[in-house]
Number of protein chains: 2
Amino acid sequence: MATIKDVAKLAGVALSTASYALSGDSKVSAKTKAKVLEAARELNYRKNGFAMDLKRSRTNTIALILTDLSGPYYSELIRSVQDVALANGYDLIACSSMGGRDSTAVRFLREKRVDGAIILAHNIHDDILVESAGHRFPIIVMDRQLSSDHLVNVLVDGEQGGYLATRHLIQAGHQKIAYISGPSNSYDNALRYQGYLRAMREAGLEEKSKWRLNGNFVREGGYSATKMMIMQGDLPSAVFYGNDEMAIGGLKALEERGVSVPDDISVIGFDDIQLSEYVHPPLTTIRQPKHEAGSLAGHLLFQMLNGEAVDPSYTLTINMIERSSVRSV
Amino acid sequence: MATIKDVAKLAGVALSTASYALSGDSKVSAKTKAKVLEAARELNYRKNGFAMDLKRSRTNTIALILTDLSGPYYSELIRSVQDVALANGYDLIACSSMGGRDSTAVRFLREKRVDGAIILAHNIHDDILVESAGHRFPIIVMDRQLSSDHLVNVLVDGEQGGYLATRHLIQAGHQKIAYISGPSNSYDNALRYQGYLRAMREAGLEEKSKWRLNGNFVREGGYSATKMMIMQGDLPSAVFYGNDEMAIGGLKALEERGVSVPDDISVIGFDDIQLSEYVHPPLTTIRQPKHEAGSLAGHLLFQMLNGEAVDPSYTLTINMIERSSVRSV
DNA sequence: CTGAAAGCGCTAACAT
DNA sequence: ATGTTAGCGCTTTCAG
């Protein structure tokens with residue numbers, strides 16, 4: 001691999017001149033520049049990214065860290081972060097936090113291989129985030145409440161969302177309402193469940209533990225939790241799934257058992273993933289302002305990168321999308 | 001930010017000793033090692049990733065380059081690549097090729113910020129791939145046929161898939177079969193379309209241009225193409241959508257217009273994305289061996305990284321998943 | 001086992 | 001406008 005040294009030699013100029021010419025600095029005469037560029041082309045010269053980063057101690061790259069790159073959930077969010085990054089002349093890379101302490105994500109954080117990060121990965125410990133965030137390394141956390149310097153929260157009001165969903169069901173006349181939950185260590189799940197409880201309590205309704213099943217926020221989990229619920233007998237008249245993925249799994253289980261939605265049972269989800277509009281029946285759900293959240297997270301990160309002051313925490317409001325999976329009784 | 005120099009000084013040892021201790025080399029006495037580690041902890045020392053990469057001229061990271069990080073399509077593929085990377089002790093980052101020549105992806109390729117790459121991004125030009133691939137930089141291309149040194153193809157037999165889909169429709173008695181296509185510059189689309197044509201020709205059926213509409217491989221495109229087809233009057237009795245996303249958009253358009261699937265019209269898709277099983281009716285489709293493809297791509301990349309010889313091109317076979325969107329006439 | 005020293009490829013003062 | 005030079009932080013010979 002040719003280095004800038006080789007280019008300089010071939011062009012017959014000094015190292016620095018070559019460097020200036022290659023990075024388009026204006027203090028190089030057009031003729032010299034052409035000579036250098038030609039030499040570079042001839043040698044098929046490529047800048048070595050690391051050397052540049054090392055020198056500059058900046059990467060011009062931010063990372064978006066997700067639990068699992070393969071999740072379809074965050075499409076919209078990724079796109080909005082990406083747009084902001086692009087607009088700021090930065091690169092965005094996504095990396096997975098699978099693999100715990102040895103994950104790519106953690107290495108990128110600890111070794112500061114990027115200039116800042118947006119986190120949406122509950123399996124990364126608070127300590128790692130707190131210890132990594134710093135003056136020259138802002139972090140935006142989107143999946144939990146966490147206070148520290150150079151670390152800001154962008155959250156969605158999940159409690160409110162859970163409350164809204166449950167109240168909607170109650171207002172439609174439902175009294176027996178199940179909750180299919182996400183992982184027990186999920187902050188999001190906890191909030192949604194709290195909202196559910198608040199609405200139930202407010203309406204004087206009782207939460208039955210047999211109607212609280214775990215679906216781990218995945219489709220398959222929603223499917224099996226629902227199967228189990230059906231097998232138990234004594235179906236609730238409505239079920240609030242902690243997210244749309246599980247609701248979709250649930251819809252499938254229900255259909256397989258000949259339980260009609262919404263005639264026999266009402267279903268409400270959470271997130272409003274793209275898919276929810278397309279399932280049968282179209283899913284009534286709580287819409288996460290994913291676009292806004294991603295955009296805000298991106299903007300905040302760049303503000304911090306530019307040394308501007310920002311609030312330590314932002315919470316976005318949430319609202320409901322009525323489709324056809326809930327019926328009044 | 002503390003450097004290894006600071007650590008060495010605090011621990012009262014030489015720079016190199018600190019380096020050895022920190023990277024767990026066995027030629028350091030346990031006592032010295034403890035001293036160094038303690039100093040590192042005290043200073044909250046973190047290795048500088050770039051310096052290390054520069055020195056080692058290896059990153060231990062591979063990149064998966066996708067057109068658009070936010071696409072839900074490639075979940076399975078991403079996961080299988082990730083598993084292979086993890087198993088080989090490598091990190092995986094995903095980056096987007098949005099932004100053309102200035103995209104993150106292209107920078108990572110040109111500046112060799114990773115050790116190798118898997119490409120699934122038709123908007124990256126052949127030249128960039130050919131010019132980037134090299135002895136120490138293997139590339140796996142999954143979205144086109146491209147021959148060059150240190151570059152291998154992992155493809156899926158799309159022509160065969162298109163043929164299978166169309167023949168299935170024909171065998172079910174359909175004669176008027178529409179094809180909703182992807183972007184005209186897509187290699188995948190071209191193959192699928194060729195397969196469609198082959199089956200039609202073989203059955204002595206005629207392709208009508210009014211039944212060939214473009215949906216750009218996106219849901220919305222499938223939706224509007226279908227709307228347009230309905231407006232034209234004279235519906236075909238079956239339609240082959242170039243991918244499932246478009247088919248799902250189409251299903252929605254059909255439902256809105258009261259055209260029943262499969263009673264009034266049969267529908268077949270391509271890809272077998274997760275969602276296809278969940279739409280109404282469940283979509284008959286051609287299953288891409290995404291898991292196998294990702295896994296193979298990953299394995300090949302590591303073989304090349306290890307200097308092993310591999311074939312220049314691999315083609316995976318494809319098969320059909322029958323669900324309920326096709327009916328015999 | 002430890003320490004001194006030589007770079008990896010590049011940028012950016014500084015000097016010419 | 002161009003050249004000289006000193007590192008960025010780290011790993012890794014090579015001598016003690």
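Sequence lines set the chain letters: A, B, ... in the order given, protein chains first and strands last, and positions in each chain run from 1.
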Using a strict cut-off of less than 4.0 Å between a Lys/Arg side-chain nitrogen and an Asp/Glu carboxylate oxygen, indicate whether B:Arg41 and B:Glu38 qualify as a salt bridge. yes
Atom CG of A:Asn48 and atom C1' of C:dG7: how far apart are they, to the nearest Å? 14 Å
With a 3.5 Å distance limit and no angle check, can you tell me whether A:Asp311 reaches the backbone of A:Ser313 through a side-chain donor-acceptor pair? no
Separation of D:dT11 atom C1' from B:Arg58 atom CZ, nearest Å, is 13 Å
Check whether A:Arg144 reaches the backbone of A:Ala121 with its side chain - one donor and one acceptor, N or O, closer than 3.5 Å. yes
Nucleotide nearest B:Thr3 when distance is taken to its side chain, options C:dC10, D:dC10, D:dC8: D:dC10
Taking any heavy-atom pair under 4.0 Å as a contact, classify A:Ser57: base, sugar-phosphate, or nothing. nothing
To the nearest angstrom, how far is B:Asp53 atom CG from C:dC8 atom C1'? 11 Å
Please give, in whole Å, the distance from C:dG9 C1' to A:Lys5 NZ? 9 Å
Donor-acceptor pair under 3.5 Å, B:Lys55 side chain vs C:dG7 base: yes
d(CD, A:Glu111; C1', D:dC10) in whole Å: 12 Å
Is a donor from one side chain sitting under 3.5 angstrom from an acceptor on the other, for A:Arg46 and A:Asn44? yes
With sequence neighbours left out, the residues meeting side chain to side chain donor-acceptor pair (under 3.5 Å) with B:Asp143 are none
Report yes if the side chains of A:Tyr314 and A:Asn153 come closer than 4.5 Å at any heavy-atom pair, otherwise no. no
Between atom CZ in B:Arg110 and atom P in C:dG9, what is the gap in whole Å? 19 Å
Could you state the atom-to-atom distance from NZ of B:Lys112 to P of C:dC8 in whole Å? 19 Å
Could you check whether A:Arg113 pairs with B:Asp53 (Lys NZ or Arg NE/NH1/NH2 to Asp/Glu carboxylate O, under 4.0 Å)? yes
Please check: side-chain N/O of A:Thr104 versus main-chain N/O of B:Asp91, any donor-acceptor pairing under 3.5 Å? no
If you restrict it to nitrogen or oxygen atoms, what contacts under 3.5 Å exist between nucleotides 3-5 of chain C and the protein, and what is each distance?
| unit_1 | atom_1 | unit_2 | atom_2 | d |
| --- | --- | --- | --- | --- |
| C:dG3 | OP2 | B:Ala14 | N | 2.6 |
| C:dG3 | OP2 | B:Thr17 | OG1 | 3.2 |
| C:dG3 | N7 | B:Ser16 | OG | 2.9 |
| C:dA4 | N6 | B:Ser16 | OG | 3.3 |

Any side-chain heavy-atom pair of A:His150 and A:Arg136 under 4.5 Å: no
Within residues 29-43 of chain A, those residues having any heavy atom closer than 4.0 Å to DNA chain C are none
Can you tell me the distance, in whole Å, between the CZ atom of A:Arg56 and the P atom of C:dG9? 18 Å
